[in-house]
Structures are given as structure tokens and as C-alpha cells.
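Notes follow the structure.
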Amino acid sequence: MTAVLKHELSLYYHGLTGYVFGAFLLAFTGIGAMIYNINASIANFEYVLNFIQMVFIIIVPILTMRIISEEKRQRTDQLLYSLPISTTEIVVGKFLSLMVVYLIPMIFICAYPLIFAKYGDVYLPTSYGSIFAFVFLGLALISIGMFISSLTESQGMAAGICVVVMLLNYFAASIANALPSIDGKENILATVMKKLSLFERFTLFYNGVFDLTAIVYYISIIAFFLFLCVQSLEKRRYNG
Amino acid sequence: MKKTNLNIKEHFVNTKSAIKGTLTTKKAKIGSYSMLMSAIVLGIIIAINVFVTYLPTKFTQFDISAAKLYSLTSSSKAVVGNIDKDVTIYWICQSGQESTVIEKLLNVYDSLSDKLTVVKKNPDTYPTFASEYTDEKVTNNSLIVVSGDKSRYISYESMYKTDASSYYTTGSASQSFDGESLITTAVDYVVSEDLPQVYILTGHSEKDMSETMKSALEKGNMETKEFSLLKEDNIPEDADAILINSPVSDISEEELTILEKYVDNGGHIVVLSGVEQDSDLTNFKALLNYVGATMNDGIVVDINRDNYAFEYPYFLLPTLNSSEITNALIDEKSNVIMPISAGLSITNSNTAYTVSSLLDSSSESYSKAAGYKLTTYEKEDGDTDGPFSLAISAENAEGGTLIWIASDYLLDDQYNSYSSGANSDFFMNSLAWKMTDNEALSIRSKSLDYNYLTINATTATMIKVILIGVIPLGYLLYGIEEVVRRRKVIVE
């Protein structure tokens, strides 16, 4: 597992992908901080996080598109199968590498509320509670992106599908609200869409509620998609 | 017969295997195995998620908001936790329009007591539901608290209080959330059997109740009834307090005797009455003299800059003296505004009563004898020197009390708003003095104002450059440099 992790990390950081991803996330956070914390001078960092959620629509596909599809295309996945490690270890190793790539820029972001706290009364529990949830939101989306990457041999295809899935996820709540209600009751489809949307679950955090059920949901999503990813690779291992 | 059957089976199997390979191949096994496994894993994950949503919210959701919007005070917990009747809170809201704050707050109430249930009512489905309880136009996220045949309507707008007073100093009105206090008092109201009865004296062209006074009395869960001493020759038995709100014409001597007797025997009277306008209020003011205080003629003008508001020296900002009524206001550093007030002096002429001053004007104040006809704020001949008391409390050994607030405009909506609600708090504390403890009164609204950062222009530019430029570009450049260095190493 550590071998896979090291290998993947070297791929991200010997090429530019890891740096582009991080620079993008940091730049977007910077713009959000400028709008809310500097120009509007509001002492709430969680609004920045709410604003930059949409960055995931772009950066998750960038990060995850090649993780498995490229191996498939170059047939290097066959090499992986020949290693004395299980498919689960391969998948977890790859996921951990994505996690590291994602968390390094997040460490920088963790310092931002403290910077702003020097210039006013920033309420840190909401800020860090939201950052915590933001990390899990990102990881859950990354696990979905990784699964999508395992479905195809083409990076472009993986990125395209991933963008669509992220968009659907991001706008699920708004689409759900636009659905007509049946007999005055909320459309069952709308309810399900809202419940499933990963982004929708994040709204509670920046409104000031630390919601453990959402964290459990994010972890479940990560576990489920990693499991599907393993299944997808297993299938290929034996079916060719 | 048996043989044919077998043959058909064999034939069937053969055809299938010819097309797709038999079901016993490894491939098919893995396929069905993975489908089954996926279904099981999905099932377990759904079960876990459903399970956590059924856990009580106090274990799964924590309030991390700065104003502690979703945490109830111990007063609310005491009131709601001890209800012994079924209470239903109807949440009137179209689907998709739910306010997160209201939703979370109601969840907390719901989890406090088994007797309390929250029911969401969509006005699209039940268009006439709310009109059974209120005549007002019901907006989304309004609440109706119902128990038995008692109910109270809480509008969404009333939960968000805007305080305009800071508009003049900071340029923006501050907002606060008063939902908890309104919901808790409403719950207290619908479950209470005996609410304090406040009788309001009529028959002397008394002023109509202002919105501020109405909502303060409602929030204090006091039931009000009007009564006239002309028709009855005694104070009603069940009266917990008598409120006399700015009479224009004088009371009769008989009425005075009844009121005096009422206080002597342990009754409570709260009076809002200041500068006389046209008519003479001799008998009415005799009530004040009876307990040991007098009212000076004219309007109090205070030229000490700390003691008046808005450039007008007759909008007084009195000094609050420590007492059971004012201590809560002193603790919160609230300022009561006394507009156009008369000056009271304590004479202690009646030994049965202990008179104390609640609000004081400064030693630089004086009472303009010209009253409403004053032409200058300068001190003239005939003006009385201060300091004055602007509100007094008197109590006797029987527990009888008289509170005299010497301004007719204390509870005008505008002045109450300028005082950030301190005026109505002062009034309600006066009314509730010596009455049964009212838990709900002590819940303050929660400020929703943004905290602002104060960053000077140079620092702001620097932070912008660092956050948008230096950090992301630095990250990227470091990456490029790393990649280039590696390429070189490989080439070499």
C-alpha cells in the first residue's frame, strides 16, 4: 500500500498535476477571501468556503481523471496485479495519495482564519468546523472521481463524466427546489436529491451547526466508492 | 416423459453455453459475487446513515455558530422541559422556503420534551390553516404555538429584530434574532393556567397602547383587561397590577381613594405620566404625593452632554440607580431614554412607604417651568434646579407598590427602538416587580451582526497579494522548478 502511495505521489509531484491542483485551490480561496474577508471585511471565514465549493467541479476531475484510467490505457494495471498486494490496497493507496495532494494546500488554508483573527474577532469554531467538513466534502467528491476514472480507459472521458457528476451534485438542491410539488407535499425525487447531494450537506456547517450525520455520510460515500472502485478493478483483473 | 424433459434441459444448457459460456465460469461467478457484495455494502451503508439520522440531535449536531443561535438558554430548557400539556408548534412554510435557522431551532425544541411536537404545514396544501389562529398575513417560516384552545402566532419578521439606533452611529442598522425568547414565552403562555392579570385604567382619555407596549406585555405573558372605576367601585379581585397610561383628564376623588386603598392593601400600580399638557391632574398627582413624592412643574432639561441624546436636551439619558428593577439593565449597560419627562422629588412624607429613585437626572439639570411652551433651553427665572428623579418606586410593609415613570412617551415605538429595547425592558421589569418570577423574560435576543475586520488599506493590499498571488503562484512555481530540475537530472 505504501509502495502504491509513494509511486502515485511521485507521479503527482514529478509532473505538474499536483501543483496545478494546489495552485488552483489556493488561488480560488484567495479570491474568496478577498471578496468576503477583505473587500466586505466580514470576519467569517466559513463564507469563503461556501463560495469556493464550486471549485471542486473543476479541480476534482483534474485530480482524479488519470488515477486509474491512465493505468488501464497503458496496460500498467496488469503490472499492479502482478504485485503481491491486494486490489483493496492498490485502491486505498491511490486514494491516500489523492488525499495528500488535497490536504497540502488545505494546510495553507488552515492558516487563513488565524491571519484574519489578527484584524478582528473571527469566530474560530465555525471557521475550523467548516474547514473540517470542507476536507471531508472534498475527499468524498474525490472518491467519486476516482471511481469514474476506474470505469474508462480515456482520461478525457473520465474528466468529462466527472464534471457532469460534480455539476449535477452541485446543483441538485436547486434543481430539487424547482421540481413541482405533488399535492402540496415535496416531490419524493426532490427530497432524495437533496438528501444525496454532498454539497447540500455542507450548508449546515457554514450556518453554524457541526453535523456529525453529514460527516458519517461523507465517510460512507468515500467507503462505498472505494469499494466500487475495488470491484471495478477486480472485474478487470479476472476478465481482462 | 422424464427423458424428454431432461433432453430439453440439456439442450437449453448447451445453447446457452454455446452463446455465452456456462454459468460456472470464473467470470460469471465474479460478476454475480461483485453485484451481491455491492448490494450488501450499499445496504450496510444506508443502514448506518439512516441509523445516525434517528439519533437525538444533541448527540449528532453541535452548535458552532458565534451567536449560539441553536443553543437554548437554561430558561428555555426549564420552561419547555417542565411542560405537562401537549404543545404543538406549527411551522408554516412552503416547501423549499425553509429557513435553516428556524429549522434547527425547532429541532432543538422538539428534542427538549416529549410533550412538544413540531408539525410543518404547507400553506399551499392548507391555505386556511393559519387563518384559524391569526388574522395577520402569514409569511413563510412563521410559527403558531398551540396547546388546547390557547394559541399564539409568531411571525417570521418578529423573530428578526432590527435596531435602528446604531444606524446613526455606525451607518448600518444592527439585527438580532429573538426567536428563542418568542417561542419559549409562547410555549409558557399556552401551557399556563394563571397568567398575571394586568388591568388598564380607562375613563380619562388615557393614551392607546403603543405597539411596543402591546408586544412587551404579550412577550411578558401578561393578560390585559381594560376597566373603569366609574362603573365599578372597587379594583377587580383578580388584578395582579393596575396600569395607568398617560391620562389626559383628572381622576375623581373617589377613584383616588380606591387607588390609595388598593396600594395600602398590597396592590401594585404602575403609572406612566409626565408633563401636564392642558388639563390639571391635581387628584391624579395626589396619588404620587400620597406615597411621598411630588412632581415639579415643567419639562426637565439636562445640559450635561452625557445625559441627553440626539442633540435635544429634553431627550434624557438618566443615570440608573441600583434596584431590583434596574439592576439587569445596569449589568447590560443599557440606556433608558426618557423623552419629555417631568422631574420628581422624593419628600418621604408618608412614613408607611419607602420611596426610592430609579432614574436620576444630573445635577446640571433643571425643570423648565414653561413646559411644552418652552422657547429656549437656557435656564430662566422660575425654573427649578435639579437633580430630579425621573421614575420612582414606592413600597410599603404590606407589599403594596407604586411605580411612577414621569414620561408619557417612554414606550413610543420610536424611542424604544432608539434605546435598543431598554425602555420596554425597564417598563416590563417595573410591571413584573414583586410579581411571580417570569423565566422567559430573561432571554435576550441574539445579535446577528457580522463581526467586521479592520484592516488598513496597505495591509489589505498586502494580504490580497499574498493570498491570491504569492501563495498559489509560489506553489505552482515551486512545482515547475521541481519538474524542470528533475528533467535536467534525467537528461544529464
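Quick note on labels: first sequence line is chain A, next is B, and so on, each numbered from 1. Scope of the values below: all heavy atoms of this structure, side chains included, with no hydrogens, waters or symmetry mates.
- Shown here for B:I64 and A:F205, the closest heavy-atom pair between the two residues is CD1-O, 4.1 Å.
- Residues of residues 34-42 of chain A lying under 4.5 angstrom from chain B, judged on non-hydrogen atoms, are A:M34, A:N37, A:I38, A:N39, A:A40, A:S41, A:I42 in numerical order.
- Considering all non-hydrogen atoms of both residues, B:S65 and A:T126 come closest at CA-OG1, 3.9 Å.
- Both the backbone and the side chain of B:K464 come within contact range of chain A, judged by heavy atoms closer than 4.5 Å.
- Interface remark: of the candidates A:G30, A:P105, A:A23, A:P125, A:A23 forms the most heavy-atom pairs closer than 4.5 Å to chain B.
- Proximity to chain B involves both the backbone and the side chain of A:F224, based on heavy atoms less than 4.5 angstrom apart.
- Counting heavy-atom pairs closer than 4.5 Å to chain B, the top-ranked of the candidates A:I215, A:N207, A:T203, A:D121 is A:N207.
- Interface residue A:Y112: only side-chain heavy atoms are found under 4.5 Å from chain B.
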- Going through the checks in order, is the side-chain contact (heavy atoms from CB on, under 4.5 Å) test met by A:V209 and B:F62? CA-CA 6 Å; A:V209 180; B:F62 307 100; over 6 Å; no

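- Options B:L477, B:I48, B:T100 differ in how many heavy-atom pairs under 4.5 Å they form with chain A, and the most are formed by B:T100.
- Neither the backbone nor the side chain of B:Y126 comes within contact range of chain A; no heavy atom of the residue lies under 4.5 Å from a heavy atom of that chain.
- Only the side chain of A:A33 comes within less than 4.5 Å of a heavy atom in chain B; its backbone stays farther off.
- Neither the backbone nor the side chain of A:V230 comes within contact range of chain B, judged by heavy atoms closer than 4.5 Å.
- At least one side-chain heavy atom of A:F227 sits under 4.5 Å from a side-chain heavy atom of B:S38.
- For B:L473, no part sits under 4.5 Å from any heavy atom of chain A, backbone or side chain.
- Residue A:I219 does not touch chain B at all, counting heavy-atom pairs closer than 4.5 Å.
- Comparing A:I115, A:L204, A:L228 by how many heavy-atom pairs each has under 4.5 Å with chain B, the most go to A:L204.
- In terms of non-hydrogen atom pairs under 4.5 Å with chain A, the most contact-rich of B:I466, B:I480, B:I468 is B:I468.
- Only the side chain of A:N44 comes within contact range of chain B, with at least one heavy atom under 4.5 Å from a heavy atom of that chain.
- Heavy atoms closer than 4.5 Å to chain B are found in the side chain of A:Y123, but not in its backbone.
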- Message: Using the rule given for side-chain contact (heavy atoms from CB on, under 4.5 Å), can you reason through A:L212 versus B:F59, listing the C-alpha separation, both sets of side-chain angles and the distance that settles it, and then say yes or no?
- Response: CA-CA 8 Å; A:L212 268 186; B:F59 298 126; over 6 Å; no

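- To the nearest 0.5 angstrom, B:Y475 atom OH is 14.5 Å from A:F24 atom CZ.
- Within the 4.5 Å cutoff, no side-chain heavy atoms of A:T29 are placed close to those of B:L467.
- Looking only at side-chain heavy atoms (C-beta outward), A:F116 and B:I463 come within less than 4.5 Å of each other.
- Ranked by non-hydrogen atom pairs under 4.5 Å with chain A, the options B:I46, B:L476, B:D63, B:T53 are led by B:L476.
- Interface remark: A:F108 contributes side-chain atoms only to the contact with chain B (heavy atom separation under 4.5 Å).
- Between the CG atom of B:L42 and the OG atom of A:S220 there is a distance of 10.5 Å, given to the nearest 0.5 Å.
- Looking at B:L55, there are no atoms closer than 4.5 Å to chain A (heavy atoms on both sides), in backbone or side chain.
- Taking the six-membered ring for Trp and thresholds of 30 and 60 degrees, B:Y478 and A:Y19 have ring planes more than 60 degrees apart, a perpendicular arrangement.
- Considering all non-hydrogen atoms of both residues, A:L16 and B:G479 come closest at CD2-C, 3.8 Å.
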